[in-house]
Amino acid sequence: MSELFPERPVLFYPSLALRYGADEALLLSILDELFRQQALAEGGVDTLLLAPSQCQMLTPFWPAARFSVTLGSLERQGLIQAQQGHNGTLRIQRRQAAAPNAVPAAEAVSVSKPEPGPELRPASLPVYDTPPPSPAPAPGRTRGPAPMFGGNAGWRRGKNELEQIFDWHEERNQRLMPMTMGWQPGEAFHDMLSRQAIPSEFAQQCLDEFVLYWLDKDRKETNWDQKFLAWVKREWVRKQSRDSAGRSEEQQPLGQLNENTRRDTRENRKRVTAAIMDIKDTDW
């Protein structure tokens with residue numbers, strides 16, 4: 001950045017440009033800075049003596065004719081007094097700023113000797129290090145809310161993934177219900193039960209055990225019907241397994257059962273005897 005901006009910047013005031021002209025505001029700012037430097041060095045002197053080479057160094061981005069035109073415009077508007085000597089030395093003195101509606105005295109552009117008249121006090125331009133405070137509102141008027149982008153209500157800011165998870169858990173917690181002693185399944189449970197080909201009487205037999213189990217757990221759920229359906233289906237499968245095992249035992253003859261038992265006993269005894277007689281086998 002230091003290579004891009006090698007020298008000290010020149011201040012440009014848009015308000016002065018609207019009042020006196022863009023070139024005039026720029027040159028006036030340069031001259032004001034020179035007046036300030038000379039005042040600090042010499043103590044309150046409001047007159048500048050500039051050699052021709054110094055005048056060219058003030059505005060190297062302008063040709064000499066443009067500098068003379070702009071300096072003459074400032075003089076006609078009553079901001080400065082400029083007088084050029086025989087050797088080209090330029091004498092500039094500050095004057096009080098002219099009124100906004102003042103009309104230039106002549107249309108010719110030149111650096112001429114000012115007409116004799118009463119000397120006016122030089123004007124100093126205000127310089128602010130910080131922006132001036134905003135004016136207070138008029139009494140009896142209250143300032144309304146600042147406008148919002150996207151209408152009166154504005155556009156809502158999209159929530160991130162973590163905020164969406166928190167909202168989902170909060171909504172789920174509001175729908176949790178504890179188990180109560182008099183709980184009964186709803187109509188949706190009986191509709192799902194009929195699709196599983198499970199009798200409603202069997203589900204009614206499982207209801208008391210289900211309620212007592214979850215009362216002891218002190219737990220909350222959003223849908224107890226679904227949990228009760230899983231309970232009934234599990235108990236129904238167990239009942240079917242018990243019934244199938246009972247029918248298998250009833251269909252098998254008693255003599256065949258005894259024969260199988262004796263055969264298994266003999267086989268086990270033979271394996272134990274063979275293991276004992278094998279002296280090299282020490283695993284037993």
Side-chain angles (χ1 to χ4, degrees), residues 1-137 146-147 149:
M1 295 298 291
S2 58
E3 297 179 358
L4 183 61
F5 302 102
E7 64 272 339
R8 189 173 182 179
V10 178
L11 297 178
F12 181 82
Y13 297 91
S15 58
L16 296 180
L18 292 174
R19 186 172 179 180
Y20 304 113
D23 291 350
E24 289 78 357
L26 185 60
L27 182 57
L28 189 63
S29 178
I30 296 174
L31 296 176
D32 182 73
E33 181 65 22
L34 292 178
F35 280 120
R36 291 177 182 275
Q37 295 177 3
Q38 184 169 334
L40 293 176
E42 301 182 7
V45 178
D46 289 338
T47 301
L48 290 177
L49 294 177
L50 301 176
S53 59
Q54 292 178 331
C55 295
Q56 188 177 0
M57 292 175 58
L58 292 180
T59 55
F61 42 84
W62 285 349
R66 187 171 181 179
F67 176 80
S68 300
V69 169
T70 307
L71 192 65
S73 177
L74 291 177
E75 186 178 10
R76 291 194 306 274
Q77 298 185 61
L79 297 174
I80 62 172
Q81 288 181 354
Q83 186 177 3
Q84 192 169 10
H86 297 288
N87 56 353
T89 303
L90 187 63
R91 181 186 181 91
I92 301 175
Q93 186 177 4
R94 287 197 296 188
R95 297 181 59 184
Q96 186 176 0
N101 55 355
V103 180
E107 296 181 358
V109 178
S110 61
V111 180
S112 60
K113 184 178 180 180
E115 296 180 359
E119 185 177 358
L120 301 177
R121 295 179 58 186
S124 60
L125 299 176
V127 179
Y128 301 99
D129 295 334
T130 59
S134 57
F149 180 72

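Atom CG of Leu48 is separated from atom CD of Gln54 by 9.5 Å, given to the nearest 0.5 angstrom. The CD atom of Glu75 lies 9.5 Å from the CD atom of Gln83; values are rounded to the nearest 0.5 Å. The line from CZ of Phe35 to CD1 of Ile80 is 7.5 Å long, rounded to the nearest 0.5 Å. To the nearest 0.5 angstrom, Ser73 atom OG is 4.0 Å from Gln77 atom CD. Interatomic distance, CD of Gln93 versus CG of Leu31, reported as 13.0 Å (0.5 Å rounding).
The backbone N or O of Leu11 sits less than 3.5 Å from a side-chain atom of Ser29, completing a donor-acceptor pair. The main-chain N or O of Leu34 is never found under 3.5 Å from a side-chain atom of Gln37 such that the two would form a donor-acceptor pair. Panel note: side chain Gln81, backbone Arg94; no donor-acceptor pair is recorded below 3.5 Å.
Residues Ala25 and Ala17 share a closest heavy-atom pair of CB-N, 3.6 Å. Contact detail for Leu71 and Leu27: the closest heavy-atom pair is N-CD2, 3.8 Å. Looking at every heavy atom in both residues, Trp62 comes nearest to Phe67 through CE3-CA, 4.2 Å.
Contact annotation: the side chain of Thr89 never approaches that of Leu50 to less than 4.5 Å [non-hydrogen atoms, C-beta and beyond].
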**Prompt:** After noting the C-alpha distance and the side-chain angles of Val10 and Leu26, does the key distance pass the side-chain contact (heavy atoms from CB on, under 4.5 Å) rule?
**Reply:** CA-CA 8 Å; Val10 178; Leu26 185 60; 3.5 Å; yes
**Request:** Assess whether side-chain contact (heavy atoms from CB on, under 4.5 Å) is satisfied between Asp32 and Tyr13, documenting all intermediate values.
**Result:** CA-CA 12 Å; Asp32 182 73; Tyr13 297 91; over 6 Å; no
**Prompt:** Does the side-chain contact (heavy atoms from CB on, under 4.5 Å) test come out yes or no for Ile92 and Thr47, once each step is laid out?
**Reply:** CA-CA 6 Å; Ile92 301 175; Thr47 301; over 6 Å; no
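Listed by chain and number, the residues in a side-chain hydrogen bond (donor to acceptor under 3.5 Å, both in side chains) with Arg66 are Asp23 (sequence neighbours excluded). For Ala64, the side-chain contact (heavy atoms from CB on, under 4.5 Å) test picks out no residue, with sequence neighbours left out.
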